[in-house]
Amino acid sequence: MLDRKFIVSHAEAVKENCLRRGATCDIDRLVRLEAERAERLQAAQELNRLANEVSQSIGKATDDADRQSRIAKGRELREQKEAAQKAHDELDAEITDLIRHLPNMTHPDAPLGGEDDAVEVAVGKTAVRKFDFKPKDHLELGQLHDLFDFEAGARVAGAGFYFLKNAAVRLDLALQHFAVTFLSDRGFTPVTTPDLALTEILHGTGFMPRGPETQIYSIENTELNLVATAEITLGGMMAGQTLDSAEMPLRLCGLSHCFRTEAGAAGRASKGLYRVHQFTKVEMFAFTTPEQSDAVHEEMRSLECELFDTLGVPYRVIDTAAGDLGGPAYRKYDLEAWMPGRGDSGQWGEVTSTSNCTDYQARRLNIRSKSAGQKGTQFVHTLNGTAIATGRAMIAVLENYQNADGSITVPEVLRPLMGTDLLVPRAS
RNA sequence: GGAUGGGUGGCCGAGCGGUUUAAGGCACCGGUCUUGAAAACCGGCGUAGUCGAAAGGCUACCGUGGGUUCAAAUCCCACCCCAUCCGCCA
């Protein structure tokens, strides 16, 4: 959520930003409503002040008649105050609703345009491999090694759910373990998080459950929702808190399941594990001061690179264009891994994403920071970044590390965790 | 899930319809004193909104949300959380 005063004082910039990000909002109307709200607020406060004065004078009334007349005056003032307050509250609700739909401002260096205008800013250390055989996709490899059961997943929970089996389970755990260990060693406090969160927390992080196009599963008759990412719970962890600036940046890495309805995604390239309703993810999250957030964003990007370099998976990094940013993001980098089995002859597929949300989430979640010896507080900045989403990482590993005979070499860093160097196809 | 007791400023803790401007203490910050420190004494000590050029006002906030009243930390209702005991349970 943007700051009201900021919107009013930078109306043109906000308008332009909305245009760039493909959001529609009548900023002029918003500015008018806000001016009117401020007037009503002042009126209500003034009436309340007068009413308080009268109330306080009642104890000093000299006789009963005097007392009764003061009570009558007080009652009248309270009624007027209530009316003014109600007018204010209605405007306030309307304004909040409008503001809630405004996207964050955009980093000046973020590319302009939409989905196709992302700029490639780096490539990984691992070269895209030239196969001297026709590489299989992860589903074919899964068949050879008995790794997945999508049919059973569909029987149990519907299309988009799946069972991992055999080496896939060990690979899933190994990837989680690798990511958690890697980040723990680099100053991130590992946490496991709830897989459900209150609607209010979803709103605070910029997710909109219960809309027609929602990506979120909700639990009927409750305020609970299955989380789409640990970003929700990690951000919510500090909701309403005031953090000590000296302790920041506060770095966390959270392990959670992620649930997504993928509404509207039908028909898009989504074979196998690529686009599913549930997966497991190790997520980085940071609370920083405003001064720190750009640097921490670069740090997260470089950690994501290091993770995939260490895994030996080829990837490229793209700087997402303004029109393709989600609401809360000020800037976003995606890592796209090379997936040899995707499309006709391999394609890049998004495996991680890191966003600097500046104070957009912190304002809704009311997360502030305070410096010793300084008066007042400020909203913190929040950042998130995927370390490893095991489903998509698994696709990249399986497809890139396959051999002509159908066996799969285990990436070196995962060997101690998997207990083997090579996955051999089951006897058919 | 049942019973009981609780949720008040950074912390402890009083207040239980209007002399509260939330007492008092601890912690913290500034000062006096001191060679320095401690002690003692004096002063300060929350967050947000709002008005003001500033000084400084004003408004809201005593777990949360409603209600009663001219007036609520205080009375009423609902809910949440914590503690202890019991039950259940991985």
Side-chain angles (χ1 to χ4, degrees), chain A residues 1-9 30-96 99-100 192-204 219 221-225 233 236-248 250 255-257 287 289-290 359-380:
Chain A
M1 189 164 67
L2 294 178
D3 177 47
R4 288 168 183 221
K5 279 187 265 183
F6 178 87
I7 295 169
V8 170
S9 59
L30 187 52
V31 170
R32 281 198 305 277
L33 288 173
E34 175 61 13
E36 198 182 334
R37 186 195 68 87
E39 267 179 44
R40 298 297 161 94
L41 177 64
Q42 282 174 50
Q45 283 192 353
E46 177 62 12
L47 286 164
N48 201 34
R49 189 183 66 77
L50 292 171
N52 282 345
E53 271 180 15
V54 171
S55 288
Q56 276 160 27
S57 80
I58 288 172
K60 297 169 195 131
T62 49
D63 56 58
D64 198 52
D66 183 25
R67 189 183 170 80
Q68 289 310 319
S69 100
R70 291 187 198 215
I71 287 174
K73 180 68 183 161
R75 184 180 291 135
E76 185 190 328
L77 281 166
R78 293 285 169 191
E79 276 164 11
Q80 289 174 19
K81 185 250 165 183
E82 280 313 311
Q85 184 73 47
K86 188 158 172 277
H88 166 270
D89 290 349
E90 281 168 10
L91 278 168
D92 190 55
E94 191 177 351
I95 291 164
T96 303
I99 291 181
R100 197 156 42 206
T192 64
T193 91
D195 283 339
L196 287 87
L198 296 168
T199 300
E200 186 190 341
I201 299 295
L202 284 268
H203 282 154
I219 309 291
N221 300 323
T222 72
E223 287 297 314
L224 286 168
N225 311 271
T233 44
M237 219 174 156
M238 295 300 167
Q241 305 295 300
T242 303
L243 310 176
D244 181 355
S245 296
E247 312 270 315
M248 300 205 291
L250 188 59
L255 172 63
S256 83
H257 292 118
F287 300 95
T289 65
D359 59 1
Y360 190 90
Q361 294 175 325
R363 184 167 285 110
R364 285 294 304 279
L365 292 168
N366 193 25
I367 307 173
R368 297 162 183 277
S369 68
K370 188 168 170 52
S371 308
Q374 248 185 348
K375 220 169 158 57
T377 59
Q378 59 185 349
F379 287 111
V380 303

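Because only heavy atoms are used, hydrogens play no part in the values below, and waters and symmetry mates are left out as well, while side chains stay in. Throughout, a chain's letter reflects where its sequence line sits, starting with A, and its residues are numbered from 1.
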Distance, [atom1] atom - from [M] to [N], rounded to whole angstrom:
| N | M | atom1 | result |
| --- | --- | --- | --- |
| B/G9 | B/C41 | C1' | 25 Å |
| B/G7 | B/G30 | P | 35 Å |
| B/G46 | B/A37 | C1' | 31 Å |
| B/C12 | B/A22 | C1' | 15 Å |
| B/G65 | B/A53 | C1' | 41 Å |
| B/U4 | B/A78 | P | 14 Å |

Look through every strand shown and name the nucleotide pairing with [N] as Watson-Crick or G-U wobble, where both distances are under 3.5 Å.
| N | value |
| --- | --- |
| B/A3 | B/U84 |
| B/C75 | B/G67 |
| B/A48 | B/U59 |
| B/U20 | none |

Mind checking what makes salt bridge (charged side-chain N to carboxylate O under 4.0 Å, His left out) contact with [X], not counting sequence neighbours?
| X | answer |
| --- | --- |
| A/Arg32 | none |
| A/Glu223 | none |
| A/Arg40 | A/Glu36 |
| A/Lys86 | A/Glu90 |

**Asked** Relative to the 5' end of RNA chain B, which residue comes earlier, A/Arg78 or A/Thr377, by the nucleotide with the nearest heavy atom?
**Response** A/Thr377

**Asked** Taking for each residue the nucleotide of RNA chain B with the nearest heavy atom, is it A/Ala72 or A/Asn48 whose nucleotide lies nearer the 5' end?
**Response** A/Asn48

**Prompt:** Looking at residues at least two apart in the chain, or sitting in another chain, which of them share a side chain to side chain contact (heavy atoms under 4.5 Å, CB included) with A/Gln241?
**Reply:** A/Met238, A/Leu243

**Complete:** By side chain to side chain contact (heavy atoms under 4.5 Å, CB included), A/Thr192 pairs with (sequence neighbours left out) A/Leu255

**Request:** Tell me which residues in residues 81-90 of chain A put a heavy atom below 4.0 Å from RNA chain B, sorted by number, or none.
**Result:** none

**Item:** Contact residues, residues 31-46 of chain A to RNA chain B [heavy atom, < 4.0 Å]
**Value:** A/Leu41, A/Gln42, A/Gln45

**Message:** List the residues meeting ring pair (Phe, Tyr, Trp, His ring centres under 6.0 Å) with A/Phe287, not counting sequence neighbours, and say none if there are none.
**Reply:** A/Phe285

**Asked** Tell me, which pairs form a salt bridge (charged side-chain N to carboxylate O under 4.0 Å, His left out) where one or both residues lie in residues 46-55 of chain A, sequence neighbours left out?
**Response** A/Glu46-A/Arg49, A/Arg49-A/Glu53

**Message:** Please enumerate all residues that pass side-chain hydrogen bond (donor to acceptor under 3.5 Å, both in side chains) together with A/Asn52, with sequence neighbours excluded.
**Reply:** A/Arg78

**Asked** Checking A/Asp359 side chain against A/Ala362 main chain: does a donor-acceptor pair fall under 3.5 Å?
**Response** no

**Backbone of A/Phe379 reached by a side-chain donor or acceptor of A/Arg363 within 3.5 Å** = no

**Message:** Could you tell me the boundaries of the chain A footprint on RNA chain B, defined by atoms under 4.0 Å from its heavy atoms?
**Reply:** B/G18 to B/A71

